[in-house]
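Atoms within a ligand are numbered from 1 in the order they appear, just like the ligands themselves.
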Amino acid sequence: MPEKILILDFGSQYTQLIARRVRELNVYCEIHPYNHVPDLTDEVKGVILSGSPCSVRDQNHPTIDLSQYLGQLPVLGVCYGAQLIAHEHGGEVTPSTIREYGRARLSELHSTNRLMKELTPDSVVWMSHGDTIKEIPDNIEVIASTDSVRVAAYKLRDQETYGIQFHPEVTHSTEGKRLLRNFVVHICGCVQDWTPDQFIENTVAEIRETVGNDKVVLGLSGGVDSSVAAMLIHEAIGKNLYCIFVDNGLLRKDEFQSVLDSYKHMGLNVKGVDAKDRFYAALAGISDPELKRKAIGRVFIEVFDDEAHQVEDVKWLAQGTIYPDVIESVSVKGPSATIKSHHNVGGLPDFMKLKVVEPLKTLFKDEVRLVGRTLKIDENIIGRHPFPGPGLAIRILGDITAEKVHILQQVDHIFISNLKKTGLYDEVWQAGAILTPVQSVGVMGDERTYENVVALRAVTSVDGMTADWCRLPYEFLADVSNEIINKVKGVNRVVYDISSKPPATIEWE
Ligand code: XMP
């Protein structure tokens with residue numbers, strides 16, 4: 001097991017970013033809800049306490065027994081984490097008198113302090129807090145301030161316990177990564193050997209050990225996650241991995257065949273299953289987006305189950321679950337509402353009675369890509385945009401028919417191939433076309449037309465949680481629109497979606 005840093009999550013919106021930054025230093029870390037932390041093991045080299053929307057002044061503020069960590073191993077409290085440690089050591093935390101949100105500059109740096117090593121005076125840091133640490137007892141030493149915050153960073157004098165009021169994990173803190181390096185490398189002593197190669201070596205060995213000579217089934221989707229999971233397991237057990245790639249009739253144009261070919265080329269033992277008609281039959285007449293998702297999920301399970309049963313004596317089900325799917329989010333302010341029931345999580349039902357293997361469940365998406373590239377998976381698979389499980393079904397507003405799918409596939413193909421041709425594809429996080437149920441009047445030659453409106457959507461994003469519409473060049477949009485209207489029968493108008501998320505979402509359904 002690699003050495004690791006534990007991140008205790010008190011509900012901050014930035015907790016995942018802390019993990020990302022630590023891992024960028026080639027140090028493995030895990031996020032755990034503050035009230036569900038596993039026992040310490042020898043691999044744990046340090047602990048980071050995250051921020052929180054709560055205040056230590058609230059009577060029922062989230063807290064932990066700090067004595068199990070403080071003085072035992074290095075601890076870094078960030079924002080709320082820092083306030084919590086100060087509060088429990090007799091410090092006084094009060095509401096900030098001025099709004100402390102945004103950039104600030106560090107002053108009075110104790111450059112001899114190991115956390116502050118090589119940080120430059122006036123270094124820009126990102127503040128986001130409603131409380132501030134006003135008074136501290138003698139056993140706490142201030143190691144940096146800002147204009148409005150005296151205790152911007154501190155150290156407990158007799159131990160390796162630190163607190164910082166700002167957020168080193170956000171990129172606006174220009175030397176935040178250096179500070180985190182100081183903590184995890186110089187203070188915790190981590191050796192920075194968590195690399196893609198190392199991950200592959202460990203994971204392949206682990207899969208061999210757990211799965212042994214058993215057979216494993218895996219549903220490939222054409223996406224990055226399932227493909228990388230498949231290649232890792234393939235490295236470990238070769239032909240005992242049985243991959244199933246289902247054509248649900250809702251994929252992009254020609255995607256089924258081309259992806260199937262890539263998989264075969266990669267040496268995978270893969271079976272392509274044409275189940276288009278089963279999906280179309282189940283979707284007939286359904287317009288409600290959630291009902292579409294449910295129907296697709298149900299048929300997928302049926303098809304997959306039929307196929308999996310043909311693999312004699314199969315014992316394991318592999319899934320491409322990734323870290324953001326499994327991080328238990330901390331609900332310090334009540335449960336958050338379900339906006340869309342994305343079906344990646346949860347996967348297949350218990351009745352399959354298979355044991356589950358999830359080799360990517362500790363990785364973020366960009367780490368999955370790095371592993372995929374190290375495994376030399378085709379760039380055509382690794383670099384592709386995310387594509388929703390229910391596919392074009394949630395980009396056809398209203399009910400689904402084979403004919404509508406055919407129209408949308410052509411539109412989408414023109415859009416995506418032009419993005420690739422002009423080199424814009426990699427600048428976009430996700431792009432696609434939407435077939436609206438709106439018809440509008442047009443004129444072609446001397447004929448009046450009354451045909452469908454399609455919308456194009458292209459967004460920039462880092463994780464899909466928030467997104468902005470992409471400022472694609474007008475010339476590009478003009479060419480794409482022209483080509484669509486000229487070539488795709490049934491479409492006479494193209495619009496471009498200029499909504500950001502929030503308040504819109506990436507998909508229209
Ligand atoms: P939204 O529309 O919620 O999408 O902004 C965020 C990301 O999730 C994808 N998405 C889905 N993925 N099943 C999936 O596997 C779904 O039902 C689903 N709905 C949205 C969407 O494409 C985007 O990448």
Problem - Close side-chain approach of Tyr474 and Tyr496, heavy atoms under 4.5 Å - result: no
Problem - Any Asp9 side-chain heavy atom under 4.5 Å of His32 side chain - result: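 Side chain of Asp9 against side chain of His32, heavy atoms only: no contact under 4.5 Å found.
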Proximal atoms of ligand 1 relative to [X] (non-hydrogen, under 4.0 Å):
| X | result |
| --- | --- |
| Ile394 | 19 (N) |
| Trp429 | 24 (O) |
| Thr505 | 1 (P), 2 (O), 5 (O) |

Handout entry: Pair His172, Arg103: side-chain N/O donor-acceptor within cut-off below 3.5 Å
Key = yes
Practice task
Ignoring hydrogens and angles, state whether a donor on the side chain of Asn492 or Thr449 is under 3.5 Å from an acceptor on the partner side chain.
Solution key: yes
Please say whether [X] places an N or O atom under 3.5 Å from an N or O atom belonging to ligand 1.
| X | answer |
| --- | --- |
| Gln430 | yes |
| Glu507 | yes |
| Gly389 | yes |
| Ile506 | yes |
| Arg395 | no |

Exercise for the section: Decide, yes or no, whether a salt bridge links Arg457 with Glu507 under the criterion of side-chain N to carboxylate O below 4.0 Å. Expected result: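 No salt bridge links Arg457 with Glu507.
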Practice task
Tell me whether the centres of the aromatic rings in Phe256 and Phe245 are closer together than 6.0 Å.
Solution key: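 Between Phe256 and Phe245, the centre distance is under 6.0 Å.
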Problem - Selected option - heavy-atom contact closest to atom 17 (O) of ligand 1, from Lys501, Arg293, Lys292 - result: Arg293
Problem - Spacing of NZ belonging to Lys404 relative to CG belonging to Leu397, to within rounding of 0.5 Å - result: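 If I round to the nearest 0.5 Å, the distance is 9.0 Å.
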